[in-house]
Amino acid sequence: MLRMSTLFLRTLREDPADAEVAGHRLLVRAGYIRRAAPGGFTWLPLGWIVYRNIERIVREEMDREGFQEVHFPALLPKEPYEATGRWTDYGDNLFRLKDRKGADFLLAPTHEEMFTLLVKDLYSSYKDLPLVLYQIQTKYRDEARPRAGLLRGREFVMKDSYSFDVDDEGLEASYQKHRVAYQRTFDRLGLPIVIVSAMSGAMGGSASEEFLAPMVVGEDTYVRCTTCDYAANTEAVQVAPPATIAFEGLPAAEVVDTPDTPTIQTLVDLFNARADLRRPDRDWTAADTLKNLVVKLKNPDGTFTALAIGVPGDRDVDMKRLEAQVSPAEIEPFTEADFALHPSLAKGYIGPGALGLEHASGIRFLVDPRIVDGTRWITGADSPGKHVKDLVMGRDFTPDGIIEAAEVHDDDPCPKCGSPLEMARGIEMGHIFQLGRKYAEALGLTVLDEHGKTRVVTMGSYGIGVSRAVAAVAELNNDTKGLIWPRAVAPADVHIVATGKATDPQLPAAELLAAECEAAGLRVLFDDRVGVSPGVKFNDAELVGVPTIVVVGRGLADGVVEVKDRRTGDKADIALADVVAHLRTQL
RNA sequence: CGGGGAGUGGCGCAGUGGUAGCGUUCCUGCUUUGGGUGCAGGAGGUCGGGGGUUCAAAUCCCCCCUCCCCGACCA
């Protein structure tokens, strides 16, 4: 039994000034956590109880699938991470340190390498697979910007698991088991989840999905269909290409003088203003123009490659989407010096005429999927002050390929059903990932198959943010008065408040009730403080957020106590003799 | 890393060069006991850190650190 008289707890009367988002603010105010370091938090008794409840649920769902728990050090030598290139790839996000002999160590941001090596150490036969191992471990990432308390810290707890299979079918099965286990886990935590397709990116895996809890303070933007079940991370959205158009009857391309049209808007205005250029049926819009952007890719080996991207003029290139497409290369701006090296590019008037591996610039030219055969465009004519109109895709120019890099907008058509898409924000609670053989290859994890042949093991990795889940549940379960925990994770089932003076009958009656509740299997938080006014106790109870509040107060004279539902605010007077049975029905 | 805001008792804030204050919290006493009760007395701060200017710095100057917000970044 937790007693308020002795519990290590101090609730704050006012909001802490450095906490913006509701969940963070309330976790601090209600005495669940304290900031201890940049991006690091101390769990106070109530917070630690909630944390462990969540951890227990995660563990139970892993165990239910037959996954086996192990536990690695967080402090690791650099060598395994050098073997996979991550010692450098992780960049500034990796906490690096040296031991007394000067050897390099790191605080692990994730443990793919160690799990791979552990399995390599002990297993060598296909008969040993499939295998799934997991741990619940503190992770370290030197985040550029820790945020919103536990939502993004530099030290946090993650459940990470890793599957090991002989073949792709096995990987798929392990992946699906995790998918199901994750759905059940988040369901038990009371977290609404949208599963979105994510980019497999540089990892080269075939599938990756994120489990997002929708919330406005979320950091990830994703799109979801307003009609069907399609949902995808913004980076992974696939644009549905329109139907192609026959070339017959399309006007011939024509170069026109368009002085002083540095922007899409000025170009469109000019076309609408000039009688010789006006469209008879409707006004020109930015969507009629083809915008060509040139960037520089910094390849992993340090070399640079130029890349041109063509998108409809009513959209910008989304750098995040572009980066996801070209990963592991990084995007750098195309500078004046770069233009000097490519005299065929007329800045501000770049067009398909100069772009493409087979054309003057030799720059690879990729276009948005909406640019299909037969679409006609106003675009740069590769000469200052000139544009070309009615340049027809497939007839007048052919790019080197397609790229998904244009901005995604609300109301874009769903690639699955064509209904409008909408953008939303969420926080990543879990990520499941078909890694494939990258780590097994780099670290030499192989097994012998039934024919005695060496096979590289194929892997998956799967994460749940455990400490983040505390923050997410708090964020989604509160009101102006405080937290409202879902019962499965709440620090107690019932918060018993005794009002009255020390000599009044309420206190001993509440004491007795608390003991009975506990004997009946209820987890009890008992406000047994004397000399504290009822208002303070009521406010604290609402702030702390235990789902059921029982007040042993003035009704005691009539043999009843008040049972209040924290979430709905519903109150009922229940006869003292019936309280325990009544409370048990609410579990 | 870029832009913006801010660091003063546990928490929230005031204090533009001259002995650090208010509210709350905490302690003591009395009072009060169904919505943060009232009164009185008390405790608690090297004013984020380091340099500098000055007779004198929370206050002015320089450097650094940290926190919050936006962006970049983020299996």
Side-chain angles (χ1 to χ4, degrees), chain A residues 9-21 24-25 28-29 31 34-40 84 86 89-94 108-113 139 141-149 151-154 156 158 160-162 198-205 208-210 217 219-220 233 235 319-320 323-324 327-328 330-333 427-428 430-436 438-439 459-465 481-482 497-504 506-507 529-543 549 551-556 561-562 564 571:
Chain A
L9 171 73
R10 182 105 303 138
T11 57
L12 304 180
R13 188 175 280 229
E14 287 168 286
D15 285 332
D18 61 355
E20 189 74 13
V21 308
H24 179 205
R25 185 167 23 91
V28 173
R29 187 140 100 86
R34 297 290 292 172
R35 200 187 78 89
T84 55
R86 295 167 102 189
D89 286 354
Y90 239 93
D92 289 337
N93 267 19
L94 192 64
T110 171
H111 279 77
E112 276 82 1
E113 285 82 354
K139 307 290 186 190
R141 294 183 195 174
D142 192 357
E143 296 284 353
R145 180 149 93 89
R147 231 195 115 245
L151 226 43
R152 171 175 295 281
R154 299 206 294 179
F156 57 97
M158 180 160 86
D160 48 326
S161 43
Y162 304 86
M199 290 297 296
S200 38
M203 301 300 236
S208 165
E209 288 171 297
E210 286 177 17
V217 301
E219 305 181 290
D220 296 356
N233 198 308
E235 283 92 322
M319 287 301 162
K320 276 177 111 164
E323 200 134 309
S327 175
E330 290 168 25
I331 309 292
E332 294 201 3
I427 181 84
E428 181 182 350
H431 199 157
I432 55 177
F433 207 104
Q434 295 192 11
L435 281 179
K438 169 178 168 155
Y439 290 90
M459 293 170 54
S461 81
Y462 316 87
I464 287 179
K481 291 175 172 173
V497 174
T499 66
K501 284 185 276 209
T503 52
D504 287 344
Q506 279 88 351
L507 193 63
R529 292 175 294 179
V530 295
V532 174
S533 77
V536 171
K537 291 184 176 181
F538 296 153
N539 280 314
D540 275 348
E542 280 155 345
L543 181 60
I549 299 168
V551 180
V552 182
R554 58 187 176 198
L556 188 64
V561 299
E562 179 182 292
K564 182 176 169 183
K571 298 177 188 174

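Letters A, B, ... are given to chains in the order of the sequence lines, protein chains preceding strands, and every chain is numbered from 1.
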Please list, pair by pair, any protein nitrogen or oxygen found under 3.5 Å from a nitrogen or oxygen in nucleotides 37-44 of chain B.
unit_1	atom_1	unit_2	atom_2	d
B:U37	OP2	A:S533	OG	2.7

So what does [X] hit on the nucleic acid, given a heavy-atom distance under 4.0 Å: a base, only sugar-phosphate, or nothing?
X: A:R154; result: nothing
X: A:V28; result: nothing
X: A:R10; result: sugar-phosphate
X: A:D15; result: sugar-phosphate
X: A:R35; result: sugar-phosphate
X: A:S461; result: nothing

Distance, rounded to the nearest Å, where [X] contributes [atom1] and [N] contributes [atom2]:
X: A:D18; N: B:G48; atom1: CG; atom2: P; answer: 15 Å
X: A:K501; N: B:G34; atom1: NZ; atom2: C1'; answer: 14 Å
X: A:L556; N: B:G34; atom1: CG; atom2: P; answer: 13 Å
X: A:N539; N: B:G34; atom1: CG; atom2: C1'; answer: 12 Å
X: A:F156; N: B:C74; atom1: CZ; atom2: P; answer: 14 Å
X: A:L543; N: B:G36; atom1: CG; atom2: P; answer: 15 Å
X: A:H431; N: B:C74; atom1: NE2; atom2: P; answer: 13 Å
X: A:D540; N: B:C11; atom1: CG; atom2: P; answer: 18 Å

Base paired to [N] (Watson-Crick or G-U; both N/O distances under 3.5 angstrom):
N: B:A40; value: B:U28
N: B:C1; value: B:G71
N: B:U54; value: none
N: B:U19; value: none
N: B:U59; value: none

Which atom of A:S208 lies closest to which atom of A:H431, heavy atoms considered:
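Taking A:S208 first and A:H431 second, the nearest heavy atoms are OG-NE2, 2.6 Å.
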Contact summary for A:D540 and A:T11, nearest pair of heavy atoms:
OD1-OG1, 2.9 Å
Ignoring the backbone of A:V551, work out which of B:C69, B:C11, B:G34 is nearest its side chain.
B:G34
Measure from the side chain of A:N93, starting at C-beta and using heavy atoms only, and say which of B:C69, B:C74, B:G10 lies closest.
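Per side-chain heavy atoms of A:N93, the pick is B:C74.
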Looking only at atom P, what distance separates B:G50 and B:A40, rounded to whole Å?
39 Å
When you measure from the side chain of [X] to the backbone of [Y], do you find a donor-acceptor pair of N or O atoms at a distance under 3.5 Å?
X: A:K537; Y: A:R529; result: yes
X: A:R141; Y: A:P109; result: yes
X: A:Q506; Y: A:G553; result: yes

For a quick test of reading the model: is some side-chain N or O of A:R554 closer than 4.0 Å to OP1 or OP2 of B:U33?
no
So, do A:R29 and A:D15 sit near enough that their side-chain heavy atoms are less than 4.5 Å apart?
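Counting from C-beta outward, A:R29 and A:D15 do come under 4.5 Å.
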With a 3.5 Å cut-off and heavy atoms only, can you find an N or O donor on one side and an acceptor on the other between the side chain of A:E542 and the base of B:G35?
yes
Could you please spell out the steps behind the side chain to side chain contact (heavy atoms under 4.5 Å, CB included) verdict for A:R86 and A:T110?
CA-CA 11 Å; A:R86 295 167 102 189; A:T110 171; 3.3 Å; yes
Start with the C-alpha distance between A:K564 and A:E542, add both sets of side-chain angles, then the distance that settles side chain to side chain contact (heavy atoms under 4.5 Å, CB included), and finish with yes or no.
CA-CA 10 Å; A:K564 182 176 169 183; A:E542 280 155 345; 2.7 Å; yes
